[in-house]
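Take a look at the structure set out below.
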Amino acid sequence: MPTKLPKSFYLQTDVVSIAKQLLGKLLCTNIEGQLAKAIITETEAYNGIIDKASHAFGDRNTPRTSTMYMQGGVAYIYLCYGIHHLFNVVSHHKDIPHAVLIRAAEPIEGIEHMLERRNRTKLDRTLSAGPGTLSQALGIDRTLNGESLTGKKIWIEDAPLLAEKDIIITTRIGVDYAAEDALLPYRFYIKNSKFVSRY
DNA sequence: TTCCCGATTTACT
DNA sequence: GTAAATCGGGAAA
């Protein structure tokens, strides 16, 4: 019987470590009665106010980023390029804006719901290997911004930690604007997984 | 209030 | 490989 990750998991203070620990765990949603689960295959850490790639860089606490300042264990979801809903796991204590972007996952339950939401007919990497497509597949949108990750709409179930040898560590995607911080090794994905946004 | 542009995806050339 | 889609956040005025 899989267990839901407890609040304490999200209160950890090392967001880079959390990003790595989340690999292999199950991201689950129950939206409009449709249950869906997917194995997290790719994550990125956003390290608070000192990280130029983060929306909260320079302690930018605004209506949008205020979600990241909440106590760890809630969802930070924002609209990107006016089209895509990107899902993040908020961590650390209140007022410390840490977050982990979930960039890709492998569907394992409720696949029929994900296919329908994505308007696809078969399971392949285009279903959920990318932060925008993943959210669409799982039915995640901004109405879930600030939602508890220990509730009934969206949560994460535990799974054994992956071995170091099965994890690829590299730089984040699409954050060139962050100058030298774009070079930080804050992106993680499961080696040999087909459900990864870019290799 | 104006203006620029983004933690992306998809459809074209 | 290039470009369009599409809208709201955030800084400047």
Side-chain angles (χ1 to χ4, degrees), chain A residues 10 15-20 22-23 27 38 40-70 72 74-92 96-107 114-147 149 154 156 168-190 194-199:
Chain A
Y10 304 101
V15 70
V16 176
S17 169
I18 293 173
K20 196 193 278 193
L22 283 172
L23 290 177
L27 177 57
I40 295 171
T41 52
E42 178 180 352
T43 63
E44 284 180 0
Y46 285 82
N47 189 25
I49 65 175
I50 60 166
D51 182 353
K52 291 182 179 174
S54 172
H55 293 160
F57 173 66
D59 207 13
R60 206 161 37 202
N61 189 342
T62 65
R64 178 175 67 156
T65 65
S66 65
T67 307
M68 276 198 281
Y69 285 80
M70 293 171 72
V74 299
Y76 169 48
I77 300 157
Y78 71 95
L79 189 65
C80 185
Y81 289 95
I83 303 170
H84 304 105
H85 301 271
L86 270 55
F87 168 71
N88 297 252
V89 171
V90 174
S91 68
H92 210 302
I96 309 292
H98 284 189
V100 175
L101 171 66
I102 309 301
R103 289 190 55 89
E106 176 175 349
M114 302 198 222
L115 290 171
E116 184 178 0
R117 291 191 186 107
R118 291 275 301 131
N119 197 24
R120 299 290 148 115
T121 54
K122 66 178 175 59
L123 175 60
D124 62 27
R125 63 182 303 288
T126 68
L127 193 63
S128 56
T133 58
L134 168 65
S135 293
Q136 189 182 22
L138 287 169
I140 295 170
D141 64 28
R142 284 181 303 159
T143 65
L144 294 177
N145 184 42
E147 186 78 21
L149 295 175
I154 182 166
I156 298 175
I168 304 293
I169 304 175
T170 181
T171 54
R172 295 173 290 185
I173 301 286
V175 295
D176 291 348
Y177 59 85
E180 73 275 12
D181 286 350
L183 303 176
L184 294 168
Y186 282 2
R187 176 175 176 234
F188 305 92
Y189 63 86
I190 299 178
K194 294 187 180 71
F195 291 83
V196 168
S197 63
R198 297 187 218 169
Y199 295 94

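All chains are named by letter (A, B, ...) in the order of the sequence lines, taking the proteins before the strands, and each is independently numbered beginning at 1. Note that this is a predicted model, so its numbers are computed, not measured.
Using modelled atom types, no side-chain atom of A/Ser54 and backbone atom of A/Tyr46 make a donor-acceptor pair closer than 3.5 Å.
Residues satisfying the salt bridge (Lys or Arg N to Asp or Glu O under 4.0 Å) test with A/Lys194, not counting sequence neighbours, are none. Take A/Glu42 and apply the salt bridge (Lys or Arg N to Asp or Glu O under 4.0 Å) test, not counting sequence neighbours, and it matches A/Arg103, A/Arg187. Evaluation of the salt bridge (Lys or Arg N to Asp or Glu O under 4.0 Å) rule for A/Asp59 yields no partner, not counting sequence neighbours. Taking A/Thr171 as the reference, nothing meets the side chain to side chain donor-acceptor pair (under 3.5 Å) condition, with sequence neighbours excluded. Qualifying side chain to side chain contact (heavy atoms under 4.5 Å, CB included) partners for A/Gln136, counting only residues two or more places apart in sequence or in other chains: A/Arg118. Residues passing the salt bridge (Lys or Arg N to Asp or Glu O under 4.0 Å) test with A/Arg117: none are found, sequence neighbours excluded. In terms of the side chain to side chain donor-acceptor pair (under 3.5 Å) criterion, A/Asp181 has no residue partners (sequence neighbours excluded). In this view, A/Arg172 and A/Asp51 satisfy the side chain to side chain donor-acceptor pair (under 3.5 Å) rule, not counting sequence neighbours.
In the 5' to 3' direction, nucleotides of DNA chain B lying under 4.0 Å from heavy atoms of chain A begin and end at B/dG6 to B/dT10.
At a threshold of 4.0 angstrom between heavy atoms, the contacts of A/Arg118 are confined to the sugar-phosphate backbone, with no base atom among them. Counting any heavy atom pair closer than 4.0 Å across all strands shown, A/Leu101 reaches a base atom.
To the nearest 0.5 Å, atom CD1 of residue A/Ile49 and atom OG1 of residue A/Thr65 are 11.5 Å apart.
With a 4.5 Å cut-off on side-chain heavy atoms, A/Val89 and A/Tyr10 count as touching. By the 4.5 Å heavy-atom criterion applied to side chains, A/Tyr78 and A/Asn88 are counted as neighbours.
Taken together, the paired segments of DNA chain C that extend over three or more consecutive Watson-Crick or G-U pairs, each closer than 3.5 Å at both contacts, are B:1-6 with C:7-12, B:8-12 with C:1-5.
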field: side chain to side chain contact (heavy atoms under 4.5 Å, CB included) evaluation trace for A/Leu149 with A/Ile154
entry: CA-CA 6 Å; A/Leu149 295 175; A/Ile154 182 166; 4.1 Å; yes
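Listed by residue number, A/Arg120, A/Gly130 are the residues of residues 119-130 of chain A with a heavy-atom contact under 4.0 Å to DNA chain B.
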field: Base-contact (B) and sugar-phosphate-only (S) positions in nucleotides 1-13 of chain C, heavy-atom cut-off under 4.0 Å, - elsewhere
entry: ----BBBSSSS--
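Rounded to the nearest Å, the gap between the C1' atom of C/dA3 and that of B/dC5 is 16 Å.
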